[in-house]
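Only one structure is covered here, and it is reproduced in the block below.
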There are 2 protein chains.
Amino acid sequence: MNTQALSKTYRPLLEKAALKTTKPRLLVLDTLTKSKIPLTAQEIHSQLSKSKIDQATVYRNLQSLTDAKIIRLVNFQHDHNHYEVANNHHHHAICESCGKVVDISKCDLSQLEKNVKSISGFSTINQHSLEFFGLCTKCAKKSAQ
Amino acid sequence: MNTQALSKTYRPLLEKAALKTTKPRLLVLDTLTKSKIPLTAQEIHSQLSKSKIDQATVYRNLQSLTDAKIIRLVNFQHDHNHYEVANNHHHHAICESCGKVVDISKCDLSQLEKNVKSISGFSTINQHSLEFFGLCTKCAKKSAQ
DNA sequence: ACGGTAATGCAAACCACTTGCATTTCTAAT
DNA sequence: ATTAGAAATGCAAGTGGTTTGCATTACCGT
């Protein structure tokens, strides 16, 4: 997809956040949008190697897009931060052996959030992060051997 | 508390994991045990500055203790890894403004975990990570001004 | 088209974390 | 107790992901 098409798609979103519609920003955002799993800065950068986007630019865009809540930081038990587009809230099951990631779409923590508010005294809970760690079928078989 | 007392306290736990009962290891483990909130490697190291424990040793012990499941990696939306002792499973509410951490002890995700298994196809779920992000009372007031 | 501002690219700097290696400390078996 | 082997430590150097400074470029409202 060329830059013009991307621009058409994402400009409204970026405008709302007062972010300029630049080619590198469009590419970063589009990469995350198309990905089925959360990505690290480096993964994004290497996927965009043909486009000659600078590493620093990728990092800066991940920051600005996160600030704008267009994308979101996901907590994997990993050193490197992973990002995903912020709409379409869901969680993940992560294989501790091979790193496979499966989306878990069901999420009803409304009751739990109420408890959290009363326990913590926090007036607002803006977001939560919930990830499950275990073994995928393949790795479970392997480790059984 | 001196090393001998610490040794008495933690030796059984370490023995079970086939880890040697060394002074640096005892100090790292004790620091985490005494802390009300999860700590980073650097926080632990600076708390132990009097004891002249090397940074590398702190990192290596966090690794070995995590492998042994005596401590656990906690996912804050932060770059640096935080650790807590693994028993006494609970979650956290984290203020996005000041970083305040409140323990949330209530946690019943058993039903959710069943769903996760069936959706993901994972045969085993070993652990999960659940954190809430919002504003503590103080910061909510400040931002209201 | 133009001017101001945000964003980019490049290179250098930073800093958390890791690694290699010689030395020390455990621990279990003698 | 002694000792031998393995694990752990300290130190220093290395690594690599992320950030920053700065000059240049691209965006966008006027």
Side-chain angles (χ1 to χ4, degrees), chain A residues 2-4 6-8 10-31 38-68 70-71 73 76-83, chain B residues 2-4 6-8 10-31 38-68 70-71 73 76-83:
Chain A
N2 60 35
T3 307
Q4 294 208 1
L6 292 180
S7 175
K8 207 173 227 170
Y10 297 115
R11 181 181 296 278
L13 197 60
L14 295 173
E15 260 177 2
K16 231 185 293 177
L19 291 176
K20 287 189 178 173
T21 304
T22 65
K23 186 181 152 199
R25 182 165 286 147
L26 287 169
L27 290 172
V28 168
L29 181 49
D30 190 54
T31 303
L39 300 174
T40 64
Q42 317 238 337
E43 286 165 344
I44 295 169
H45 181 244
S46 85
Q47 285 196 29
L48 296 178
S49 57
K50 284 177 211 158
S51 310
K52 298 260 168 53
I53 306 298
D54 195 78
Q55 275 205 78
T57 302
V58 173
Y59 283 103
R60 281 187 282 227
N61 275 311
L62 289 175
Q63 189 59 58
S64 62
L65 291 169
T66 303
D67 289 345
I70 293 171
I71 65 174
L73 185 52
F76 285 13
Q77 296 218 352
H78 230 265
D79 260 341
H80 307 317
N81 287 335
H82 291 242
Y83 296 86
Chain B
N2 61 35
T3 306
Q4 295 208 1
L6 293 179
S7 175
K8 207 172 224 170
Y10 298 115
R11 180 181 297 278
L13 197 60
L14 295 173
E15 260 177 1
K16 232 186 289 177
L19 292 175
K20 287 190 179 172
T21 303
T22 65
K23 185 183 151 197
R25 181 165 286 147
L26 287 169
L27 289 171
V28 168
L29 181 50
D30 190 54
T31 303
L39 301 174
T40 64
Q42 316 237 339
E43 288 166 342
I44 295 168
H45 181 245
S46 83
Q47 285 196 28
L48 296 178
S49 56
K50 284 178 212 158
S51 311
K52 297 263 169 50
I53 307 297
D54 196 78
Q55 272 205 86
T57 303
V58 173
Y59 283 103
R60 282 187 281 227
N61 274 312
L62 289 174
Q63 189 59 58
S64 62
L65 291 170
T66 303
D67 289 346
I70 293 171
I71 65 174
L73 186 51
F76 285 13
Q77 294 217 356
H78 231 266
D79 260 341
H80 308 315
N81 287 335
H82 290 242
Y83 296 85

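Throughout, a chain's letter reflects where its sequence line sits, starting with A, and its residues are numbered from 1. Not measured: the values here are computed from a predicted model.
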[N] phosphate, OP1 or OP2: any side-chain N/O from [X] under 4.0 angstrom?
{"X": "A:R60", "N": "D:dG21", "answer": "no"}
{"X": "B:N81", "N": "C:dA16", "answer": "no"}
{"X": "A:T22", "N": "C:dA6", "answer": "no"}
{"X": "A:T57", "N": "C:dG9", "answer": "yes"}
{"X": "B:Y59", "N": "C:dT18", "answer": "no"}
{"X": "B:T21", "N": "C:dT27", "answer": "yes"}
{"X": "A:R11", "N": "D:dC28", "answer": "yes"}
{"X": "B:Q63", "N": "C:dT18", "answer": "no"}

What integer distance in Å separates [X]:[atom1] from [N]:[atom2]?
{"X": "A:N61", "N": "C:dA6", "atom1": "CG", "atom2": "C1'", "result": "11 Å"}
{"X": "A:Q55", "N": "C:dC10", "atom1": "CD", "atom2": "P", "result": "12 Å"}
{"X": "B:I53", "N": "D:dT9", "atom1": "CD1", "atom2": "P", "result": "8 Å"}
{"X": "A:K52", "N": "D:dT25", "atom1": "NZ", "atom2": "C1'", "result": "17 Å"}
{"X": "B:L65", "N": "D:dA7", "atom1": "CG", "atom2": "C1'", "result": "14 Å"}
{"X": "A:D54", "N": "D:dA23", "atom1": "CG", "atom2": "P", "result": "17 Å"}
{"X": "B:L62", "N": "C:dC17", "atom1": "CG", "atom2": "P", "result": "9 Å"}
{"X": "B:L19", "N": "D:dT9", "atom1": "CG", "atom2": "P", "result": "10 Å"}

query: Of B:T40 and B:K20, whose nearest nucleotide on DNA chain C comes first from the 5' end?
result: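 Result: B:T40.
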field: 5'-most by nearest nucleotide on DNA chain C - B:A41 or B:E15
entry: B:A41
query: Which pair of non-hydrogen atoms, one from A:I70 and one from A:A17, has the smallest distance, and what is that distance?
result: CD1-CB, 4.1 Å
message: If we count only N and O atoms by modelled type, under 3.5 Å, do the side chains of B:Y59 and B:Q42 hold a donor and an acceptor together?
response: yes
query: For A:R25, which contact category applies under a 4.0 Å heavy-atom criterion: base, sugar-phosphate, or nothing?
result: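 Since only primed, P, OP1 and OP2 atoms lie under 4.0 Å of A:R25, the category is sugar-phosphate.
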message: Nearest to the A:P24 side chain among C:dT8, D:dT19, D:dA12, which nucleotide is it?
response: C:dT8
query: Checking only heavy atoms, does the side chain of B:K23 share a donor-acceptor pair with the base of D:dT9 at less than 3.5 Å?
result: no
